[in-house]
Amino acid sequence: MGRPSPPPLSYLPLGEHPLRRVPQLFAGLALYGFSLAVMIRASLGVSPWSVLYEGVTRYTSLSFGTVNAAFGAAVLLLWIPLRQRPRFGTVANIVVLSFSSDLGLALVPAHLDLPARVGLLVGGVLLNGLAGAVYIGARLGPGPRDGLMTGAAAGTGRSIRFVRTLIEITVLTIGWLLGGTAGVGTVLYAAAVGPVTQAFLPRFAYRSTAVEGPGGR
């Protein structure tokens, strides 16, 4: 028996089943932003981009969420030479992640003991992978960082894995030099979030009944 076919993830127009897909997009993005806050409060290392945002907050009066949004908007400028086109989900990614990550930082206490921090780290990574599957599965457009990765891969002919690794090593290094929190959590995130997201994607990927057959949802 062969492997099941991967779920379809390409962009679909906003007008197709918006009452099903838009709430899924916003729920996934809200959970994603909250998961970033949970990992920050664990203080054991965060995702590469979060290391960069944390580093920047040390030198500005901006909140983590505001820095996240500012970088998201700046990354969109890099889409122009890559001929990438922002979608509804791209803009929603910038706005919702900013608010939900700052809300999470306000709700989740800091300076917890080590067992609680380990629990936050593991829970944050799992929630991040789940949330990624939820918002990606809505198929309403990639976030700024995902679009940069796919556009650069297409433009250079390199694999997505190579481009993603290069980008994340770059932002991690800059963030660490600025004082962002890199540690065991960063390694756990890099190793686990991809498999977790992949495991949940078949459950949450929207399938267009008009294009992809009667098995869609």
Side-chain angles (χ1 to χ4, degrees), residues 9-11 14 25-26 28-40 45-106 124 128 131-132 134-136 138-182 185-186 189-190 193-194 197:
L9 299 175
S10 58
Y11 172 78
L14 178 61
L25 171 71
F26 279 97
L29 290 174
L31 290 174
Y32 195 95
F34 188 81
S35 74
L36 297 179
V38 169
M39 288 186 285
I40 289 172
V46 292
S47 69
W49 282 98
S50 292
V51 174
L52 175 61
Y53 304 153
E54 269 197 319
V56 173
T57 61
R58 291 176 177 268
Y59 294 89
T60 71
S61 59
L62 301 176
S63 69
F64 177 88
T66 302
V67 173
N68 190 326
F71 269 90
V75 166
L76 285 183
L77 297 177
L78 299 177
W79 284 31
I80 297 173
L82 298 175
R83 299 181 181 179
Q84 293 281 90
R85 179 182 174 186
R87 305 289 187 174
F88 178 79
T90 309
V91 178
N93 184 290
I94 295 173
V95 176
V96 177
L97 289 192
S98 174
F99 282 100
S100 60
S101 57
D102 277 349
L103 178 61
L105 289 172
N128 189 274
V134 172
Y135 88 76
I136 292 170
R139 301 175 67 183
L140 285 167
R145 290 151 288 268
D146 293 332
L148 174 63
M149 174 186 66
T150 57
T156 62
R158 296 281 190 169
S159 68
I160 286 181
R161 177 181 296 179
F162 174 85
V163 172
R164 175 173 179 170
T165 300
L166 180 62
I167 291 173
E168 295 198 345
I169 288 176
T170 301
V171 299
L172 174 61
T173 302
I174 295 171
W176 179 74
L177 291 174
L178 292 174
T181 307
T186 310
Y189 181 91
V193 75
T197 302

Chemist: Do S50 and F64 come within less than 4.5 Å of each other through their side chains, counting heavy atoms only?
Modeler: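 The answer is yes, as the side chains (C-beta and beyond) meet within the 4.5 Å cut-off.
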
Chemist: Under a 4.5 Å cut-off applied to non-hydrogen side-chain atoms, are I94 and L76 in contact?
Modeler: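 Heavy-atom side-chain distance check passes, below 4.5 Å.
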
Chemist: What's the separation between atom CD1 in I169 and atom CH2 in W176, rounded to the nearest 0.5 Å?
Modeler: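 One gets 14.0 Å once the value is rounded to the nearest 0.5 Å.
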
Chemist: Kindly give the heavy-atom pair with the smallest separation between S98 and S101, and that separation in Å.
Modeler: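 Smallest heavy-atom distance, with atoms named: O-OG, 3.2 Å.
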
Chemist: Could you report the tightest heavy-atom contact between W79 and G143, atom names first, then the distance?
Modeler: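 Answer, listing the atom of W79 first, then G143: CZ2-O, 3.5 Å.
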
Chemist: For residues S63 and T57, determine if any side-chain heavy atom of one lies less than 4.5 Å from a side-chain heavy atom of the other.
Modeler: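 No, too far: nothing below the 4.5 Å cut-off.
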
Chemist: What heavy-atom pair brings G28 and A131 nearest, and what distance separates the two atoms?
Modeler: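 Taking every non-hydrogen atom into account, O-CB, 3.4 Å.
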
Chemist: Return the OG1 to CG distance between T173 and L52, rounded to the nearest 0.5 Å.
Modeler: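 With rounding to 0.5 Å, OG1 (T173) is 10.5 Å from CG (L52).
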
Chemist: What's the spacing between L105 CG and I40 CD1 if we round to 0.5 Å?
Modeler: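 Answer rounded to 0.5 Å: 5.0 Å.
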
Chemist: How far does OG1 of T156 sit from CG of L82, to the nearest 0.5 angstrom?
Modeler: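 Answer for the OG1-CG pair, T156 versus L82, is 9.0 Å.
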
Chemist: Output the distance between atom OG1 (T66) and atom CG (D102), rounded to the nearest 0.5 Å.
Modeler: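 These two atoms lie 5.5 Å from each other.
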
Chemist: Counting only N and O atoms by type, is there a donor-acceptor contact under 3.5 Å from the side chain of E168 to the main-chain atoms of P48?
Modeler: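 Flag not set: sc E168 to bb P48 has no pair under 3.5 Å.
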
Chemist: For the residue pair G89 and L25, what are the closest heavy atoms and their distance?
Modeler: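 What the structure gives for the nearest pair is CA-CD2, 3.9 Å.
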
Chemist: A side-chain contact here means heavy atoms from C-beta on lying under 4.5 Å apart; do Y32 and L97 qualify?
Modeler: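 The answer is yes, as the side chains (C-beta and beyond) meet within the 4.5 Å cut-off.
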
Chemist: Work out which heavy atom in I167 is nearest to a heavy atom in M149; give both atom names and the distance.
Modeler: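 Residues I167 and M149, closest heavy atoms: CD1-CA, 4.1 Å.
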
Chemist: To check you understand the geometry: which heavy-atom pair defines the closest contact between G147 and T150, and what is its length?
Modeler: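 For G147 and T150, the tightest heavy-atom pair comes out as O-OG1, 3.2 Å.
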
Chemist: Starting at CD of Q84, measure out to CG of D146 and round the result to the nearest 0.5 Å.
Modeler: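 If we round to the nearest 0.5 Å, Q84:CD and D146:CG are 10.5 Å apart.
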
Chemist: Tell me whether the rings of Y53 and F71 are parallel (<30°), tilted (30 to 60°) or perpendicular (>60°).
Modeler: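 Plane angle between 30° and 60°, so tilted.
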
Chemist: Any non-hydrogen side-chain atom of L29 less than 4.5 Å from a side-chain atom of N93?
Modeler: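 Sidechains of N93 and L29: in contact.
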
Chemist: Which residue, V51, I174, L178, L62, forms the side-chain contact (heavy atoms from CB on, under 4.5 Å) with V56?
Modeler: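 Of V51, I174, L178, L62, side-chain contact (heavy atoms from CB on, under 4.5 Å) with V56 is met by L178 alone.
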
Chemist: Checking T186 side chain against V46 main chain: does a donor-acceptor pair fall under 3.5 Å?
Modeler: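 Checking the backbone N and O of V46 against the side chain of T186, a donor-acceptor pair under 3.5 Å is found.
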
Chemist: Tell me, yes or no, whether the heavy-atom count around R87 atom CZ, taken from other residues, nucleotides or ligands under 6.0 Å, exceeds 12.
Modeler: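 Enclosed.
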
